[in-house]
Amino acid sequence: MKQCESIIIGGGPAGLRAAKALLESGARVCLIDRNASMGGQLIKQTHMFFGSEKQHASTRGISIQHKLLSDVMRYGSRIEILSETHVVGVYQDKVIACMKDDRFFKMRGEAIIIATGASEKHLPFENNDLPGVYAAGAVQTLMNEYGIKPGHKVLMVGSGNIGLIVSYQLMQAGVEVVALAEAASQISGYHVHASKIKRHGVDILTNTSIKRALGETEVTGAELWKLDESWQGIEGSEWTIDLDTICISVGLAPLSELFQQVGANVEYVRELGGNVPVIDNTYQTTIDGVYACGDAIGIEEASSAMVEGEMTGIYAAHAMAKAHPNESTRLKALEEELAFLRSGPHAEKIRVGYKKRGEVS
Amino acid sequence: MRIKAHPILSFEAQKAVPFTYDGQTLYGLKGDTIASALHANGIKKLSESIHRKRPRGFYCAIGNCASCNMVVDGQPNVRTCITPLKEHMDIRSQQGKGQVK
Ligand SMILES: Cc1cc2nc3c(=O)[nH]c(=O)nc-3n(C[C@H](O)[C@H](O)[C@H](O)COP(=O)(O)OP(=O)(O)OC[C@H]3O[C@@H](n4cnc5c(N)ncnc54)[C@H](O)[C@@H]3O)c2cc1C
C-alpha cells in the first residue's frame, strides 16, 4: 500500500491552502480530486470575488485558482497531485480507498484532511427531473469551463448570490434570462449583483416560485405561481412561460458522506447547510488524525474556505511534529481574518450555525 | 450551443474529437467532458430513471448526483459530467442499473 505523510481529499480553495500550509511546514502532501483540474468551485467563477482583500477579493475566481495552484506546485517533489481520482472510503486507521480509471487502490497517511466541498440542493416540484432542469452551478460549469450554453431561454429559481451571479453570466454567454423567481419577499443576495441584472432588464419576481416544469422528454416551459407569506402557493395565480432551461439555485449542502463513512460524529445544523462533522478547535473530527475544512464543514465562501484550509494545514502539521515556521503568529492572524469575514450582516446565519454547533458538540 | 463571443473568456479553437452516441457518429472538442460534448450536439437526455423510465439529463455537473450515468465503452454507470471525452468512445444511454462484469 502506498504511504503518504498527509493526504488531502478535495483540491478546492480549502484543500489547496491546506496543502500550502503543510508544504511550508516541511511535510509531504498528496492532493486528490475527482475532477480533471484542481480548483474546486473556483474553476468556473469568472466574476470578481467579494470577501476580504487578504483572500483575493476583487480578483476573478479563475485567477485565484491559478495563484493557489502555483503556490503549491513550487514545492516540486513534495507535492503529488492525483486528479480524476475519486475517494470512495476513509477508514479509522487513516487508510483511504480510491478509484481512478476503473482501478481501485488504497493509501495510508499520517493525517487526512477532508475538504470535499458541497453539492447544490434541489427543489421539489412536478417534473423537476426533466432534462433541462439544472443546478445553477452546473450551468456555470457548462458555460465557463466548456464554453457551451445550456439553452436559449432560462428561468432562474433563487435570488441568492449564486442565482444572481449565474444569471448575469448566462447573459454574458448570450443566453436570455426570462425571469428570476424568489420565494421570499426580498432578494437574498447582494444588491450589487441584483442591480446588475435588473439593469439588463431581467424581472426579479419575489413571492414567486415554480409550480411545475412543462415538457415530455425535455423542458419546454415552466408554470410559476405566487406564494403567500407562509410560502404556500396561491391557487389561481399560476401563469406559464415558454423556455428550455430551468436553473435551480436554492443553496448548497456539505458533502458529508466520507465523514459518515469513517464513523466521525456528524450533526445536522440547518444554518450550515445540512450534515456537518463535529470538529475540535484544531479542525480535527472525532476520528484521530482526520481533519475537515471548507464548505464540507459548513456552507460559507471561498474566502473562509481558504482561511480554514490554511489553519487546518498548520494544525495537521503540528500534530505530525512539523511546525509551521510562523505557527503562532499565522494562526492568530487567520483567527482574526475569519472573525472579520463572519462579522457582516450577511454572515448572521453562519454565526448562528457555529454557535449552535458549539453548543451541540 | 457553443458560445461564440464572451466578454471575459476566450475559447480557443480546439481539435474535433469523434465519438459515437447510440451508434451515431458525432463530434465534440478536445477539453469536453462526455456530457458537455453531447449537450453541444443538442442531446440533453442522457439516461432513464430505473423504475419509471423517465428521461434524465445531468443535474450537478460535479460527479455527485448520478443523473448523467451512461454506458461508455461497455462500462455502465460512468459519470459523464466529469469524464473527459476521448476519441472513438462508444457512448450509450443506460437502461436500468447496469451490470458489473
Ligand atoms: C456561483 C458561485 C459563486 C460564488 N462566488 C463566491 C464569491 O464571490 N466569493 C467567495 O468567497 N465565494 C464564492 N462562492 C463560494 C465558493 O466557491 C465556495 O465556498 C468554495 O469553493 C468552497 O471551497 P472548498 O475548497 O471547501 O470546496 P470546493 O471548491 O467545492 O472543492 C471541493 C473539491 O473536492 C472534490 N471532491 C469532492 N468529493 C470528492 C471525493 N470523494 N474524492 C475526490 N475529490 C472529491 C471536488 O471535485 C472539488 O474539486 C461561490 C460559489 C458559487 C457556486
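In this text, all values refer to a predicted model and were calculated from it rather than measured experimentally. Chain naming here is simple, since letters A, B, ... match the order of the sequence lines and numbering starts at 1 in each.
For A:His86, the part lying near chain B is the side chain, with the backbone staying farther off; criterion is any non-hydrogen pair under 4.5 Å. Proximity to chain A (any heavy atom under 4.5 Å) is restricted, for B:Phe11, to the side chain, taken from C-beta onward. Interface remark: A:Asp244 contributes backbone and side-chain atoms alike to the contact with chain B (heavy atom separation under 4.5 Å). Looking at B:Ala5, only its backbone comes within 4.5 Å of chain A, counting heavy atoms on both sides. Using a 4.5 Å cut-off between heavy atoms, B:Thr33 touches chain A through backbone and side chain atoms alike. Neither the backbone nor the side chain of A:Thr116 comes within contact range of chain B, judged by heavy atoms closer than 4.5 Å. Neither the backbone nor the side chain of A:Asn128 has a heavy atom closer than 4.5 Å to any heavy atom of chain B. Of the two parts of A:Gln140, neither the backbone nor the side chain holds a non-hydrogen atom closer than 4.5 Å to a non-hydrogen atom of chain B. Looking at A:Ile148, the atoms closer than 4.5 Å to chain B (heavy atoms on both sides) sit in the backbone and in the side chain alike. Both the backbone and the side chain of B:Ile62 come within less than 4.5 Å of a heavy atom of chain A. When heavy atoms are compared at a cutoff of 4.5 Å, A:Asp102 approaches chain B solely by way of its side chain, counted from C-beta outward.
Taking each heavy atom of A:Gln172 and B:Pro7 in turn, the nearest pair found is O-CD, 3.4 Å. Residues A:Glu218 and B:Gly42 share a closest heavy-atom pair of OE2-O, 4.4 Å. When all heavy atoms of A:Gly151 and B:Met1 are compared, the pair lying nearest together is CA-CE, 4.0 Å. Closest approach of A:Tyr134 and B:Tyr59 over heavy atoms only: C-CE1, 3.5 Å. The two residues A:Pro131 and B:Lys45 come nearest to each other via the heavy atoms CG-CA, 4.0 Å. Across B:Arg2 and A:Tyr146, no two heavy atoms sit closer than the pair NH1-O, 3.8 Å.
Per-residue counts of heavy-atom pairs under 4.5 Å with chain A were compared for B:Gln14, B:Lys4, B:Lys44; the largest is that of B:Lys44. Counting heavy-atom pairs closer than 4.5 Å to chain B, the top residue among A:Ala173, A:Gly147, A:Pro150 is A:Gly147. Between chain B and the residues A:His122, A:Gln169, A:Gln41, the largest count of heavy-atom pairs under 4.5 Å involves A:His122. Comparing B:Pro55, B:Cys65, B:Ala35 by heavy-atom pairs within less than 4.5 Å of chain A, the highest count is held by B:Pro55. Of the listed residues (B:Ala40, B:Ser49, B:Ala37, B:Cys81), the one with the most heavy-atom contacts under 4.5 Å to chain A is B:Ala40.
Shown here is B:Lys53, whose NZ atom has more than 12 heavy atoms of other residues, nucleotides or ligands within 6.0 Å. Summarising the local packing, NZ of B:Lys30 is surrounded by 12 or fewer heavy atoms from other residues, nucleotides or ligands at distances under 6.0 Å. Annotation for B:Tyr27: atom OH does not count as buried by contact number, only 12 or fewer foreign heavy atoms lying within 6.0 Å.
Within the model, atoms CG of A:Asn144 and NE2 of B:His6 stand 5.0 Å from one another, a figure rounded to the nearest 0.5 Å. For the atom pair CZ of A:Arg34 and CD1 of B:Ile82, the computed distance is 6.0 Å after rounding to the nearest 0.5 Å. The distance from atom CG of A:Asn127 to atom CZ of B:Arg54, rounded to the nearest 0.5 Å, is 5.0 Å. The OG1 atom of B:Thr83 sits 7.5 Å away from the CD atom of A:Glu84 when rounded to the nearest 0.5 Å.
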_Residues B:Ser36, A:Leu142; criterion side chain to side chain contact (heavy atoms under 4.5 Å, CB included); working and verdict_ = CA-CA 7 Å; B:Ser36 75; A:Leu142 190 69; 4.0 Å; yes
